[in-house]
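In what follows, a structure is listed as structure tokens, so that the remarks can point back to it.
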Amino acid sequence: MTLGQLAGAQKGAAGAPAYGRFVNRKLGRLLAAVAFHAGLTPNQVTGISAAFTGIGIALLALVPPSGWMGLAVTGCLVIGYALDAADGQLARLRGGGSPAGEWLDHMVDSVKIATLHLAVLIGWYRFETVDRGALLLLPLGFAVVAVVHFFATLLNEALRAQHGGRTRAEPVGERPSVLRSLVVAPTDYGVLCLSFLLLAVPSAFIAAYAFLFVATAGYLLLASVKWYREMGGLVR
């Protein structure tokens with residue numbers, strides 16, 4: 001019953017990458033149902049999400065890379081991401097969220113996005129995973145790209161709503177393209193979470209991490225041109 005209600009209270013999936021669309025939302029729906037029956041509020045779910053994510057980020061910075069550490073980091077980040085989807089679904093199930101709840105959710109996301117790559121950098125430096133040279137700039141570059149991407153996403157939604165455009169959160173009658181979701185999958189935070197399973201093999205993780213950085217940076221560059229044109233066409 002609760003899962004059915006949650007299924008009818010989903011955001012639109014237009015432009016959503018594959019992991020977020022097909023995996024994380026379903027995990028979030030299940031966790032939202034559990035939270036609802038446990039009597040938790042959306043803000044409490046946000047707090048639990050922040051705790052799991054914070055543990056995963058701390059492990060990256062403080063514990064030497066290994067197989068079990070990779071599993072622990074990935075598990076914490078995946079659960080934190082699923083709970084991040086659950087808090088909004090729970091809010092809609094309870095009749096709608098509040099400005100304070102939305103603010104808290106975005107603040108937690110901002111901290112997560114800004115610190116995750118810095119934790120990778122700290123871990124690489126502390127445990128000499130890579131030579132102390134140019135490769136240490138990779139997490140810094142990824143941090144910049146991730147923060148700008150997140151800011152642009154929020155700004156786009158705010159400007160669309162302000163000027164009467166259709167936001168991505170609005171459900172649409174047609175089914176969003178599965179192919180597009182797969183193409184943009186490397187830009188998904190969930191895919192980044194899964195990449196930490198490779199921590200026990202530094203060369204494999206660095207290669208995967210670098211690929212995700214290049215893919216996300218390339219997407220941001222191309223999408224920014226499209227977004228600028230779209231903003232220029234909004235009704236003033």
Side-chain angles (χ1 to χ4, degrees), residues 17 19-20 23-24 27-28 31 45-87 104-154 184-221:
Y19 181 90
V23 178
N24 200 59
L27 289 175
L31 292 174
V45 174
T46 300
I48 298 171
S49 170
F52 272 100
T53 301
I55 292 171
I57 292 173
L59 287 173
L60 281 171
L62 301 176
V63 180
S66 64
W68 76 264
M69 199 273 270
L71 287 172
V73 169
T74 301
C76 286
L77 295 180
V78 165
I79 293 172
Y81 190 32
L83 287 166
D84 184 35
D87 59 9
L104 180 63
D105 183 49
H106 289 327
M107 284 297 291
V108 170
D109 286 342
S110 297
V111 173
K112 168 182 72 180
I113 291 168
T115 58
L116 177 63
H117 300 288
L118 299 183
V120 172
L121 173 60
I122 292 170
W124 282 5
Y125 185 85
R126 289 189 66 205
F127 306 114
E128 300 183 348
T129 304
V130 301
D131 293 334
R132 296 185 177 180
L135 198 55
L136 289 175
L137 296 175
L138 177 57
L140 291 177
F142 212 151
V144 172
V145 168
V147 168
V148 173
H149 186 196
F150 179 66
F151 172 78
T153 301
L154 294 182
V184 300
T187 69
D188 196 316
Y189 173 78
V191 175
L192 176 62
C193 294
L194 295 179
S195 73
F196 292 109
L197 289 171
L198 300 173
L199 282 174
V201 186
S203 60
F205 172 70
I206 293 169
Y209 187 76
F211 169 75
L212 294 178
F213 164 68
V214 171
T216 305
Y219 170 82
L220 179 62
L221 181 62

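Predicted, not measured: the structure shown is a model, and the values here were computed from it. Both backbone and side-chain heavy atoms feed into the values below; hydrogens, waters and symmetry mates do not.
Here SG of Cys193 is found 7.0 Å from CG of Leu116. Values are rounded to the nearest 0.5 Å. Remark: Leu121 CG to Leu60 CG distance equals 11.5 Å, nearest 0.5 Å. Taken to the nearest 0.5 Å, the OH atom of Tyr219 stands 6.0 Å off from the OG1 atom of Thr187. Between atom CG of residue Leu31 and atom CG of residue Asn24 there is a gap of 9.0 Å, rounded to the nearest 0.5 Å. To the nearest 0.5 angstrom, Phe196 atom CZ is 9.0 Å from Met69 atom CE. Residue Asp87 holds its CG atom at 4.5 Å from CG of Asp105, rounded to the nearest 0.5 Å.
Considering every non-hydrogen atom in both Ala204 and Leu198, the closest pair reads O-CD1, 3.8 Å. Residues Tyr19 and Leu194 share a closest heavy-atom pair of CE1-CD1, 4.0 Å. When all heavy atoms of Ser66 and Leu199 are compared, the closest pair comes out as O-CB, 4.3 Å. Nearest heavy-atom pair across Thr53 and Gly80 is OG1-CA, 3.6 Å. Closest non-hydrogen pair, Val73 versus Gly56, comes out as CG2-O, 3.8 Å. The heavy-atom pair separating Val108 from Ala50 by the smallest distance is CG1-CB, 3.8 Å.
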Next on the checklist: Please determine whether side chain to side chain contact (heavy atoms under 4.5 Å, CB included) holds for the pair Val63 and Trp68, giving the CA-CA distance in whole Å, both sets of side-chain angles, and the decisive distance to 0.1 Å.
Outcome noted: CA-CA 11 Å; Val63 180; Trp68 76 264; 4.0 Å; yes

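Between Pro139 and Tyr209 the shortest side-chain heavy-atom distance falls below 4.5 Å. Side-chain contact between Trp124 and Leu138: present, with at least one pair of heavy atoms (C-beta onward) separated by less than 4.5 Å. The side-chain heavy atoms of His117 and Leu192, taken from C-beta on, include a pair separated by under 4.5 Å. In this structure, Leu212 and Phe142 have side chains that are in contact, with non-hydrogen atoms separated by less than 4.5 Å. Taking the side chain as every heavy atom from C-beta outward, Pro186 and Val191 never approach each other to under 4.5 Å. Using a 4.5 Å cut-off on side-chain heavy atoms (C-beta onward), Leu27 and Tyr81 make no contact. At a threshold of 4.5 Å between non-hydrogen side-chain atoms, the residues Leu83 and Ile79 count as touching.
With no hydrogens or angles considered, no side-chain donor-acceptor pair links Ser49 and Asp84 at under 3.5 Å.
Side-chain rings of His149 and Tyr189 stay apart, their centers remaining 6.0 Å or farther from each other.
Counting non-hydrogen atoms of neighbouring residues, nucleotides and ligands closer than 6.0 angstrom, the CZ atom of Phe127 exceeds 12 such neighbours.
Formation of a donor-acceptor pair under 3.5 Å by the Thr74 side chain with backbone atoms of Leu197 is found in this model.
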